[in-house]
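Being a predicted model, the structure only gives us computed values, none of them experimental. Reminder, nothing fancy here: chain letters follow the sequence lines and each chain counts from 1.
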There are 2 protein chains.
Amino acid sequence: MNAALRNTLNEFEKIPDDDWEFFQSILTTSTIKKGDFLLREGQICKGVYFVILGSARAYLSIDGREVNTSFYFEESFISDFESLTNDLPSKKSIQVMENTNVIFIPKIKLLALYEESTSFQTLGRKILEQVVILEQQYSSLFTIFLPKERYEHVLENHPNLIQRVPLQFLASYLGVARETLSRIRKRVT
Amino acid sequence: MNAALRNTLNEFEKIPDDDWEFFQSILTTSTIKKGDFLLREGQICKGVYFVILGSARAYLSIDGREVNTSFYFEESFISDFESLTNDLPSKKSIQVMENTNVIFIPKIKLLALYEESTSFQTLGRKILEQVVILEQQYSSLFTIFLPKERYEHVLENHPNLIQRVPLQFLASYLGVARETLSRIRKRVT
DNA sequence: CTCATTTTGTGACGATAGTCAATTTAAGTT
DNA sequence: AACTTAAATTGACTATCGTCACAAAATGAG
């Protein structure tokens, strides 16, 4: 059941068997129904989710309008770091886009695990390094590309996004109006 | 001489004295002349710089045009994570904007230190967590704000940037043409 | 201080994306 | 399958930004 998570973690850092045993004991698995929330604006994020099957989105509510900031699919980690690491009320909501199976990793337990296991500490650092890289690539979308080019670049590099995310959510993620994205898509395809 | 660095690190995690002693031994301090480079496109980034005094910018060269992706001032860490963590040729160049004093922390030594010291490992993780948060705030500039609002938001939250970065560099960082930024600044001020 | 170079500011124009409104298409429910 | 609701598309119009060309201001070197 947790095999997908172990495989993903092993790509970053090999986990010794006994570390893994303890790690498993802090995990809880659950199924979230389409439209339900992993985190709501104002709540304090208490841990990290791992997506076994399904998808989710993170968004900001800006005077009534929803601005999508991230999308998550199988084998990815979901959290709001701003809330999680500094215990601040989240500015974002995280909502599941379809029925989704997740593993929950509580922050308190994870921090304790870091203290005891060097390999997990290393793991946490390596995952964060990749998150930083992805975030930088995302922001450069806006500074180096025009809207149409942003779409093409995402189509090329993250086809999941284009295939599995409804246009209404994708638009704000790409920084364009829904109508504009619709027109871009017609021209490109 | 390294006091500024120690102070900064202590805000993340207290460093035991003996850990600090060893850490100091891997550091080298240098002065970089205005316009010189800490990293050039195509090179592999070999470590992290800490700014004691001065400033720097990171930029991408996109068909002749320079797109600035980050600015660095006193007490901040400079690196290209995409190159550093995965040993890839850097897409970015990092150039000093004025005569700048930096401390260099070599990656190889730092990784060795991580293996031996839990507090440094934790430190590395905590710094990365804050980097992720900053990067996410940067990308949301583009999705939630119009150009004029981006300028005002940066003016409010990172006044250093507005005061110390030439307009020609700021423009691409904010995703607008130089002329547009010039006009925004006239209206806002 | 003067000259040369770089940086910033301005004006005019065209291209592009945003907005509003209406329609078509798709999805979900009973 | 029929109905309802939501999502995507399309058209018309406007606002905004980018581009090009040039002028003014600031910076730096001799």
Side-chain angles (χ1 to χ4, degrees), chain A residues 33-36 54-57 59-68 71 95-100 140-155 161-189, chain B residues 33-36 54-57 59-68 71 95-100 140-155 161-189:
Chain A
K33 288 210 183 104
K34 175 175 179 173
D36 282 357
S55 59
R57 67 182 180 115
Y59 66 90
L60 296 163
S61 291
I62 309 292
D63 42 62
R65 188 171 62 106
E66 289 180 359
V67 176
N68 293 94
F71 298 103
Q95 185 188 39
V96 144
M97 296 194 291
E98 53 195 315
N99 291 349
T100 297
S140 68
L141 270 186
F142 300 102
T143 52
I144 73 186
F145 294 128
L146 299 170
K148 181 173 59 181
E149 298 168 329
R150 278 176 227 157
Y151 178 82
E152 290 167 342
H153 189 266
V154 172
L155 185 61
L161 274 180
I162 307 292
Q163 290 158 6
R164 295 179 62 182
V165 176
L167 180 141
Q168 54 165 172
F169 295 154
L170 250 189
S172 62
Y173 179 81
L174 295 176
V176 295
R178 285 192 303 279
E179 296 90 333
T180 303
L181 181 55
S182 177
R183 290 179 176 113
I184 287 171
R185 191 162 64 169
K186 190 172 59 168
R187 290 207 162 275
V188 169
T189 312
Chain B
K33 289 211 183 104
K34 175 175 179 172
D36 282 357
S55 59
R57 67 181 180 116
Y59 66 89
L60 296 163
S61 291
I62 309 292
D63 42 61
R65 187 171 63 106
E66 289 180 359
V67 176
N68 293 95
F71 299 103
Q95 186 188 39
V96 143
M97 297 194 290
E98 54 195 316
N99 290 349
T100 297
S140 67
L141 269 186
F142 299 101
T143 52
I144 73 186
F145 295 129
L146 299 170
K148 182 173 59 180
E149 298 168 329
R150 279 176 226 157
Y151 178 83
E152 290 167 343
H153 189 266
V154 172
L155 185 60
L161 274 179
I162 307 293
Q163 289 158 7
R164 296 179 61 183
V165 176
L167 181 142
Q168 54 165 174
F169 294 155
L170 251 189
S172 63
Y173 179 81
L174 295 176
V176 296
R178 285 191 304 280
E179 296 89 335
T180 302
L181 180 56
S182 177
R183 289 178 176 115
I184 287 171
R185 191 161 66 168
K186 190 173 58 166
R187 291 205 161 277
V188 169
T189 313

In B/S/- notation, 5' to 3', how is nucleotides 13-30 of chain D contacted by protein heavy atoms closer than 4.0 Å?
-> ----SBBB-------S--
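Residues satisfying the salt bridge (Lys or Arg N to Asp or Glu O under 4.0 Å) criterion with Arg57(A), sequence neighbours excluded, are Glu66(A). For Leu167(A), the side-chain contact (heavy atoms from CB on, under 4.5 Å) test picks out Arg178(A), Leu181(A), Ser182(A), Arg185(A), with sequence neighbours left out. Residues satisfying the side-chain hydrogen bond (donor to acceptor under 3.5 Å, both in side chains) test with Ser172(B), not counting sequence neighbours, are Asn68(B).
The heavy-atom pair separating Lys33(B) from Asn99(B) by the smallest distance is CA-OD1, 3.4 Å. In terms of heavy-atom proximity, Ile62(A) sits nearest to Ile144(B) at CG1-CG2, 3.9 Å.
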Output, in order, the C-alpha distance, side-chain angles, deciding distance and verdict of side chain to side chain contact (heavy atoms under 4.5 Å, CB included) for Val96(A) and Asp36(A).
-> CA-CA 6 Å; Val96(A) 144; Asp36(A) 282 357; 5.5 Å; no
Test log, rule side chain to side chain contact (heavy atoms under 4.5 Å, CB included), inputs Ile184(B) and Arg150(B) = CA-CA 10 Å; Ile184(B) 287 171; Arg150(B) 279 176 226 157; over 6 Å; no
Lys34(A) vs Thr100(A), side chain to side chain contact (heavy atoms under 4.5 Å, CB included): CA-CA, chis, key distance, verdict | CA-CA 7 Å; Lys34(A) 175 175 179 173; Thr100(A) 297; over 6 Å; no
For side chain to side chain contact (heavy atoms under 4.5 Å, CB included), just list the numbers for Met97(B) and Phe71(B), CA-CA rounded to whole Å, side-chain angles, deciding distance to a tenth of an Å, and then say yes or no.
-> CA-CA 9 Å; Met97(B) 297 194 290; Phe71(B) 299 103; 4.0 Å; yes
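Considering only side-chain N and O atoms, Lys186(A) lies under 4.0 angstrom from the phosphate OP1 or OP2 of dT10(D).
A stem is defined here as three or more consecutive Watson-Crick or G-U pairs, each with both distances under 3.5 Å; for DNA chain D these stems are C:1-30 with D:1-30.
Note: CZ (Arg187(A)) to P (dT9(D)) measures 14 Å, nearest angstrom.
By the 30° and 60° cut-offs, the orientation of the rings of Phe145(B) relative to His153(B) is tilted.
Of all nucleotides in DNA chain C having an atom under 4.0 Å from a heavy atom of chain A, the first and last in 5' to 3' order are dA17(C) to dG28(C).
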